[in-house]
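Read the numbers this way: they start at 1 and go in the same order the structure lists the ligands and their atoms.
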Amino acid sequence: MQLPAGIPKIRARLAGARAVTVLTGAGISADSGVPTFRGAEGLWRDHRAEELATPEAFARNPRLVWEWYNWRRELIATKIPNAAHHALVELEQRIERFWLITQNVDGLHPAAGSRKLSEIHGNIWKVRCTQCRQVQENRAVPIPMLPLCPACDGLLRPHIVWFGESLDPDDLDRSMAAVSSCEVLLIIGTSGVVYPAASFAALARQAGAFVAEINLDPAPNPQIVDLTIGGRAAEVVPALL
Ligand code: BV8
Ligand code: ZN
């Protein structure tokens with residue numbers, strides 16, 4: 001397979017770097033068979049989804065929202081990390097100061113072995129009590145309706161950040177620190193429409209980082225990205241090592 005031209009440039013940047021930050025989106029899990037959000041087969045082309053990932057939707061109809069998450073849990077339960085996820089675990093071990101920020105809730109990065117990681121939109125395998133806020137891992141597929149907290153009988157919700165909800169402050173602080181102190185920022189498989197993640201590239205650039213993007217259908221944005229590589233993450237990311 002002919003590797004895109006930009007790869008040697010990124011390899012050279014990574015070889016000499018002491019601080020590298022990576023931001024991933026649904027595109028890195030596409031090669032594991034997890035549907036992306038806004039693509040042709042997108043999870044979110046169905047208008048329901050856009051309306052379901054909000055606290056209002058959950059307050060109005062928790063059963064409908066849980067049905068949607070049970071459908072996604074069933075879908076994701078059979079998926080495994082791909083070569084791109086594993087390559088980022090290798091990169092984490094090679095680079096002195098490394099941090100991975102993912103928008104994905106599918107849990108494939110921790111499953112691959114990533115440890116220096118912020119799952120800034122949460123994790124589909126975690127639930128949170130709406131009363132006592134206790135967070136627990138729950139891998140039941142499906143989760144029986146309506147799930148209640150073992151500690152206080154409160155209604156459980158997915159431990160996921162919905163639209164209109166703020167990110168966990170620690171995740172946000174850690175991510176902002178990682179993007180504003182890195183020499184290289186790799187952006188892999190994201191459409192860059194969701195904030196605050198969509199602002200990380202500009203932040204890194206302002207701080208002097210070399211910003212490279214890997215995307216199946218690259219929409220080069222020279223204002224904030226130094227180099228764009230068109231290709232599948234599972235093929236391109238391992239070639240960066
Ligand atoms: C917040 C959980 C403060 C749900 C998600 C107006 C302007 C600016 C901001 C806003 C605004 N109005 C509202 C906001 C704020 C809002 C926002 O950004 N809205 C957007 C839509 C405009 N953000 C928020 O609400 C955030 N909170 O800002 O707090 C606040 C507080 C109160 C009020 C206001 C603000 C919370 C955002 C978190 C939302 N939760 N998910 C769930 O998943 O169940 S976001 C959802 O989209 C997913 O988490 C996903 O990770 C994320 C981003 O999508 P992508 O990962 O990029 O996936 P996508 O399908 O879009 O793209 C895939 C890409 O991969 C494509 O480019 C494709 O080409 C590429 N690709 C495909 N295959 C491959 C590939 N690349 C490589 N290889 C392949 N094989
Ligand atoms: Zn509780």
**Asked** Do any nitrogen or oxygen atoms of W162 lie less than 3.5 angstrom from nitrogen or oxygen atoms of ligand 1?
**Response** no

**Message:** Are any of the N/O atoms on L167, whether in the backbone or the side chain, positioned under 3.5 angstrom from an N/O atom of ligand 1?
**Reply:** no

**Request:** Not counting sequence neighbours, which residues clear salt bridge (Lys or Arg N to Asp or Glu O under 4.0 Å) with R13? List them please.
**Result:** none

**Request:** Give, for atom CZ of F98 and atom CG of L91, the distance between the pair rounded to the nearest 0.5 Å.
**Result:** 5.0 Å

**Prompt:** Is the shortest side-chain N to carboxylate O distance from E74 to R72 below 4.0 Å?
**Reply:** no

**Asked** Would one find an N or O of I160, backbone or side chain, under 3.5 Å from an N or O of ligand 1?
**Response** no

**Message:** Using only atom types and a distance under 3.5 Å, with no angle test, would you say the side chain of R205 pairs donor to acceptor with the backbone of Q223?
**Reply:** yes

**Message:** Here's a test for you: under side chain to side chain contact (heavy atoms under 4.5 Å, CB included), which of I101, V184, L100, V211 qualifies with T21?
**Reply:** I101

**Asked** Is there a donor-acceptor contact under 3.5 Å linking the side chains of N82 and R232?
**Response** no

**Asked** Under the criterion side chain to side chain contact (heavy atoms under 4.5 Å, CB included), which of H85, K79, H109 is the partner of S29?
**Response** H85

**Item:** Sub-4.0 Å heavy-atom contact, G122 with ligand 1
**Value:** no

**Prompt:** With a 4.0 Å cut-off, would you call R60 and E56 a salt bridge?
**Reply:** no

**Prompt:** Which protein N, O or S atoms lie under 2.8 Å from the Zn ion (ligand 2), given by chain and residue number?
**Reply:** C129 SG, C132 SG, C149 SG, C152 SG

**Aromatic W162 / basic R157 pairing, under 6.0 angstrom, 45° off normal** = yes

**Prompt:** For atom 51 (O) of ligand 1, which of Q103, E213, R232, E119 has the closest heavy atom?
**Reply:** Q103

**Asked** With no hydrogens and no angle check, is any side-chain donor or acceptor of R11 less than 3.5 Å from a backbone partner on A239?
**Response** yes

**Asked** Would you say ligand 1 has an N or O under 3.5 Å from any N or O of A30?
**Response** no

**Contact (N/O only, under 3.5 Å) between F163 and ligand 1** = no

**Message:** I want to confirm something. Looking only at heavy atoms, which of S166, G189, A198 is nearest to atom 63 (C) of ligand 1?
**Reply:** G189

**Request:** Pull out every atom of ligand 1 sitting under 4.0 Å from any heavy atom of T190, numbered as shown with elements.
**Result:** 55 (P), 57 (O), 64 (C), 65 (O), 67 (O)

**Prompt:** Which is closest to atom 20 (C) of ligand 1 in terms of heavy atoms, T54, D106, L52, V193?
**Reply:** V193

**Message:** As an exercise, identify every atom of ligand 1 less than 4.0 angstrom from a heavy atom of A26.
**Reply:** 55 (P), 56 (O), 58 (O)

**Y69: numbered ligand 1 atoms lying under 4.0 Å from its heavy atoms** = 4 (C), 42 (C), 44 (O)

**Request:** Before accepting this row, confirm whether a basic side-chain N of the pair K126/E137 lies closer than 4.0 Å to the acidic partner's carboxylate O.
**Result:** no

**Request:** Tell me which one of E235, E165, H121, R38 gets a heavy atom nearest to atom 54 (O) of ligand 1.
**Result:** R38

**Asked** Can you check whether A53 has an N/O within less than 3.5 Å of an N/O in ligand 1?
**Response** no

**Prompt:** Would you say the side-chain atoms of T78 pair up with the backbone N or O of L75, donor to acceptor, closer than 3.5 Å?
**Reply:** yes

**Request:** For atom 68 (C) of ligand 1, state which one of V236, V34, N215 supplies the nearest heavy atom.
**Result:** N215

**Message:** So if I count the atoms of ligand 1 from 1 in the order they appear, which ones are less than 4.0 Å from some heavy atom of D31?
**Reply:** 80 (N)

**Asked** Which atoms of ligand 1 have any heavy atom of G231 under 4.0 Å away?
**Response** 77 (C), 78 (N)

**Request:** Decide if atom CG of L146 counts as having more than 12 heavy atoms of other residues, nucleotides or ligands within a radius under 6.0 Å.
**Result:** yes

**Donor on one side chain, acceptor on other, Q103 and T24, under 3.5 Å** = no

**Asked** Just which atoms of ligand 1 are under 4.0 Å from any heavy atom in L216?
**Response** 71 (N), 73 (N), 74 (C), 75 (C), 76 (N), 77 (C)

**Prompt:** Under the criterion side chain to side chain contact (heavy atoms under 4.5 Å, CB included), which of L64, V65, N70 is the partner of E67?
**Reply:** L64

**Prompt:** Is W68 in polar range of ligand 1, meaning some N or O pair under 3.5 Å apart?
**Reply:** no

**Asked** In this structure, which one of L240, L88, L23 forms a side chain to side chain contact (heavy atoms under 4.5 Å, CB included) with I188?
**Response** L88

**Prompt:** Given G25, P218, S32, G164, which has its nearest heavy atom closest to atom 31 (C) of ligand 1?
**Reply:** G164

**Prompt:** For ligand 1, does R72 get within less than 4.0 Å through its side chain, its backbone, both, or neither, judged by non-hydrogen atoms?
**Reply:** side chain

